[in-house]
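Below is one structure; the comments refer to it alone.
Chain letters run A, B, ... following the sequence lines, proteins first and then strands; every chain starts at 1. A quick note: this is a predicted structure, and the numbers were derived from the prediction, not measured.
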Amino acid sequence: MSLTKEESILEVRNLRTSFFTDEGEVKAVDGVDFSIEKGKTLGIVGESGSGKSITSLSILRLLQEPVGRIKEGEVIFKGEDLLKKSKKQMMAIRGNNISMIFQEPMTSLNPTLTCGEQIAESIRIHQKLNKKKAWEKSVEMLKLVGIPSPEKRAKQYPFELSGGMRQRVMIAISLACNPELLIADEPTTALDVTIQAQILELIKKLQEDMGTSLMIITHDLGVVAEMCDKVAVMYCGKVVEYADVKTVFTDPKHPYTIGLLNSVPKHDEDVEGDLAIITGSVPSPFNLPSGCSFAPRCPSAKEICHATLPELAETSDGDKVRCWIYTDQWEKEGEAVSRHE
Amino acid sequence: MDHQPQLETMAVNPARVGNSKAIRMKSFYKKLAKNKAAMVGAFIVIVFSLLAIFAPLLAPYDPTEMQLSKKLETPSSEHWLGTDDKGRDILSRLLYGSRISLTVGILSTLLGALTGIILGVVAGYYGRWVDSLIMRICDVLLAFPGILLALAIVSVLGASTTNVIIAVAFYAIPTFARIVRGSTLTVKKLEYIDAIKAMGARDTRIIIKHILPNVLSPIIVQSTLYIASAIITASALSFLGMGTKPPTPEWGTMLAQGRSYVAQAPHITLFPGLVILLVVVGFNLFGDGLRDALDPKTKK
């Protein structure tokens with residue numbers, strides 16, 4: 001194992017979360033393993049519906065029960081399994097030890113409370129401060145996240161701020177209690193490009209200053225390259241590749257990761273013709289293929305890929321990949337069989 | 001009430017700074033003031049409230065004082081609205097009656113709304129069997145015609161003004177519970193509820209600080225409109241002899257008493273009827289205006 005257990009602040013093992021709908025069970029997260037080291041950043045990449053957000057909600061146990069349920073697995077935070085905690089214990093952890101930034105800054109603030117009140121509230125949930133002290137602290141937090149004239153802004157309502165400003169307020173709220181782990185669920189997706197860079201920079205700077213570990217969920221590989229130390233690539237609820245950020249970009253192993261990287265438009269090359277795409281589409285969550293979920297879209301899939309799901313196995317350079325290509329089995333198999341839908 | 005206009009300004013201008021509460025209130029008043037019908041309604045409501053408050057000062061006679069020598073008199077300079085079958089001054093009785101009608105209307109609405117809000121928000125927030133239980137009870141209550149339910153309650157509890165308030169409030173519960181439940185279901189799915197949950201907030205805090213303020217506006221509108229129907233129900237109960245007992249002046253009771261003299265002295269029933277009509281129209285116009293002013297979609 002390339003990760004030593006002592007260092008990791010969060011370790012997710014074999015997490016399985018399902019949604020039970022009228023049409024049947026949807027395995028939104030289906031055996032996810034990763035860990036985050038202290039002060040480091042893990043990126044979780046994948047397309048919509050790959051189970052990224054559900055993974056983060058499962059960690060905080062914020063799923064809409066009873067529709068969504070964690071079926072099995074362990075979420076070890078500082079040596080303790082969060083899935084075994086009581087409701088009350090979880091409330092004490094949320095916001096205080098682990099907090100979360102949501103995707104949509106326009107809707108993730110309460111429209112009826114001022115920004116200052118909302119930060120102060122989060123502080124007062126976990127710390128015994130009087131109203132005045134909490135207010136002072138929230139003004140301080142606004143200053144910390146780079147909001148000009150924080151005293152004035154604290155008295156304003158969310159609708160009076162721009163999207164970028166609101167996301168800064170969200171960051172202030174989530175960092176108000178100095179959490180050890182910050183989960184950012186697509187923190188920049190809803191923002192425009194110039195603001196995205198500012199927000200990422202801010203998160204990175206605060207992370208360094210406060211020593212917070214960061215789990216960043218994104219579908220933007222640029223964000224990953226900029227922010228992360230490790231990357232977990234998810235497809236259909238499973239981690240298909242888990243590696244150092246450098247390796248993912250220089251030597252991607254799973255065909256899905258390769259496909260993802262190929263489909264990023266390159267600005268420095270003059271490419272004629274269409275953008276590279278991954279053929280096919282994500283299989284229906286109600287009807288996942290029995291083998292590797294990516295097999296129907298995979299250019300090198302062989303018979304075994306359609307039949308049996310590979311394990312997330314360590315390769316020679318310490319990275320983990322869920323693919324038959326990197327097993328001894330591969331050579332014994334015949335030619336690639338394409339089964340495009 | 002300040003939370004609502006803000007929904008409206010939300011999309012308008014993010015650069016608006018300064019004392020936002022004042023700005024939002026101002027825009028709300030502006031909208032309301034533009035609505036002539038609402039202003040008429042508000043005027044009626046205010047006038048009747050003032051009349052009710054100052055009834056002892058304004059009433060020319062004691063509302064229960066009988067002058068049998070002057071019974072069934074038509075309106076004159078002495079008795080502006082005439083006298084009833086026992087020679088009591090109708091104007092004075094109407095003035096004092098407004099105190100009872102408005103109190104019953106407002107108190108029963110408050111009581112019913114409060115209970116309904118609590119039940120509705122609990123049902124909407126917790127869902128599952130709590131929701132099913134509360135909503136099924138509401139369905140049962142709604143299945144009764146309002147006046148029948150109120151009659152049943154008053155016959156069990158006994159006829160008195162307090163019991164009328166309880167009966168009318170009771171019927172208000174399911175209406176409010178339904179409205180609040182619906183809005184709660186919408187609000188609880190919003191991202192900021194998830195966000196505050198992720199900060200470790202308890203359910204009670206989420207409900208009181210984050211859900212209730214955001215579901216209040218339909219309740220305010222419904223309350224205003226409900227006061228009108230509460231006044232009607234209360235008057236109807238009194239008319240049927242199940243409400244406020246004579247000789248206490250109450251509009252419904254007055255209607256009932258004048259009924260036997262409709263042919264000889266129509267003014268005994270005419271004036272209480274008109275007054276009920278006027279107040280109810282006032283509250284309805286005002287309620288409709290409030291709804292328009294609070295609705296972010298009705299922007300001109």
Is any side-chain heavy atom of A/Asn110 closer than 4.5 Å to one of B/Ile193? no
Within the structure provided, determine whether B/Tyr192 and A/Pro111 are in side-chain contact (heavy-atom separation under 4.5 Å). yes
Interatomic spacing from CG in B/Asp194 to CE in A/Met100 - rounded to 0.5 Å: 8.0 Å
To the nearest 0.5 angstrom, please state how far the NZ atom of A/Lys87 sits from the CG atom of B/Asp203. 6.0 Å
What pair of heavy atoms forms the shortest contact from A/Phe102 to B/Ala198, and how long is it? CE1-CB, 4.0 Å
Where does [X] contact chain B at under 4.5 Å (heavy atoms): side chain, backbone, both or neither?
X	value
A/Leu109	backbone
A/Ile93	neither
A/Met165	neither

So side-chain hydrogen bond (donor to acceptor under 3.5 Å, both in side chains) across residues 167-193 of chain A, not counting sequence neighbours, yields A/Lys52-A/Glu186, A/Ser53-A/Asp185, A/Lys78-A/Glu180, A/Asn97-A/Glu180, A/Arg168-A/Gln198, A/Glu186-A/Thr189, A/Glu186-A/His219, A/Asp192-A/Thr194
So if I take each residue of residues 107-129 of chain B and look for any heavy atom under 4.5 Å from a heavy atom in chain A, which residues do I end up with? B/Arg128
Would you find a donor on one side and an acceptor on the other, under 3.5 Å apart, between the side chain of A/His126 and the backbone of B/Met199? yes
Run the side-chain hydrogen bond (donor to acceptor under 3.5 Å, both in side chains) check on A/Glu121 and B/His210 step by step: do they pass? CA-CA 11 Å; A/Glu121 185 185 12; B/His210 297 273; 2.8 Å; yes
Comparing A/Ser108, A/Ser99, A/Ala92 against chain B, the one with the most heavy-atom pairs below 4.5 Å turns out to be A/Ser108
